[in-house]
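Notes follow once the structure below has been shown.
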Amino acid sequence: MVKRLLNYACFAILFPSRLVCGDAPTWMQDTVALGIPAGAKAPGFELPDQSGRKRSMASLMDRRGLVLVFFRSADW
Amino acid sequence: MYCKGQLGELQRDLPLLKRAGLGLAAISYDSRAALRDFALRKGIVFPLLSDHESDVIRAYGVADRRYHKGAQLDVDSSGEVPVYGLAYASVFVLNPNGTVRWRFVSEHEEVRLTVSSILQRSLGQLANQSRTPLESGWIQVEITASDTSAGMGTSLTIGVELRIPRGWHIYGPQAGGDYRGIAWRMDSSQCSIVSDTEYPEPSWEQPAFADAKLPVYEGNIRLTREFVIRPMISDTRTAADRFRKACLDSDSRFPASGSLAFQACTDRECSPPQSVPLRWTFAFTPPDRERVPIELWRAFEH
């Protein structure tokens, strides 16, 4: 059975952007309720990259730190 | 769809991060094979990390909490896709000792930050890629933008800088009564969203002609705002056509305009109030609808 998630409850018909219905300064803001907070120790990891090489947090660090981006999908 | 554009932007601006002394890696729930296919197609050389079981995504607290096991999402361009374990679009800037220096997590999956805006927001480092002087008389006004191109959902920083000649001042936005405080007028529209203006703190002084202290700016000042191109949720051809008609100019660039009102005074006199038109244009990056080969599509959970 195919489940359709009502993900976009606030669908705008006129202009198809969810933002039309709750114009959101939240767009530019950090959602503090989600994710580990600033100042916290970030969990370590070891994951394969696109070429299969294992990468750890320590191996990715540059002299001033590391930018870690979580993204939804490189496919869809 | 939006994230794929972000990865291309990150790759393009990798030298800016290197110069700032920061490493870069991006994590998703995609398989290694899917990441490899994408990286080869788009020329991505920085590490794309495959967290196929979403363990790291959960450890960082950024697994999309709307999706339970077996959940599927209908993506216009791709049909049903499995979304259990999907990450919220987020950025963590880590210190060399592994603590979180700065973070940005968004429930709006279409929002994405560029390298320039990450540097600006996390390190306070200005990385404007464009700067345009305006015809504004003897108070010099320049407009700046953190990026020269943007796609739907790209969050960037736009700025206005003023050089106030010696002996002159302008009034802060708090000025009332007969004094014309500076105002950057720019509204959100069906095409874009702008945040409130960040004004610097004025100094409070009493010019000879005034009977109270007034908020004034002297020297060079910078005002900034965050700016986002509104994404379309529906990815149909009609929606894309409507967006193009409503939001892009005849060169397929994305324009944004506003105005800056202010009045310049010395200790003794004031020049007439001024209003300077402000206009930015950005190269527009359309959404990327291309998928990995079907045999690499993520399997549905059972």
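Worth saying up front: this structure is predicted, and the values here are computed from it rather than measured. Note on naming: letters A, B, ... go to the chains in the order of the sequence lines (proteins, then strands), and numbering restarts at 1 for each one.
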Practice task
Could you tell me which non-hydrogen atom of B:Asn95 sits nearest to which non-hydrogen atom of A:Met61, and how far apart they are?
Solution key: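 Closest heavy-atom pair between B:Asn95 and A:Met61: O-CE, 3.1 Å.
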Contacting region of [X] [heavy-atom separation from chain A under 4.5 Å]:
| X | result |
| --- | --- |
| B:Leu24 | both |
| B:Leu48 | both |
| B:Val115 | neither |
| B:Asp30 | side chain |
| B:Leu123 | side chain |
| B:Leu40 | neither |
| B:Ala25 | both |

Between chain A and each of [options], count heavy-atom pairs under 4.5 Å; write down the option with the most.
| options | result |
| --- | --- |
| B:Ser31, B:Ser195, B:Ser122, B:Ala34 | B:Ser195 |
| B:Phe46, B:Tyr88, B:Phe227 | B:Tyr88 |
| B:Val93, B:Asp196, B:Val56, B:Leu35 | B:Val56 |
| B:Asp37, B:Val91, B:Val292 | B:Val292 |

Exercise for the section: For the pair B:Ser28 (side chain) and A:Ser73 (backbone), establish whether a donor and an acceptor sit closer than 3.5 Å, ignoring hydrogens and angles. Expected result: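 Absent.
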Practice task
Ignoring hydrogens and angles, tell me if any N or O in the side chain of B:Ser188 forms a donor-acceptor pair with the backbone of B:Val194 under 3.5 Å.
Solution key: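 Here the side-chain-to-backbone pair exists.
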Handout entry: Pairwise distance CG(B:Leu94) to CG(A:Asp62) - rounded to 0.5 angstrom
Key =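 Atom-to-atom, B:Leu94:CG and A:Asp62:CG are 12.5 Å apart.
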Distance only, no hydrogens: is a donor on one side chain within 3.5 Å (strictly under) of an acceptor on the other, for [X] and [Y]?
| X | Y | value |
| --- | --- | --- |
| B:Ser155 | B:Arg121 | yes |
| B:Asn97 | B:Thr99 | yes |
| B:Arg112 | B:Thr154 | yes |

Handout entry: Greater than 12 external heavy atoms within 6.0 Å of B:Glu198's CD
Key =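 12 or below, so no.
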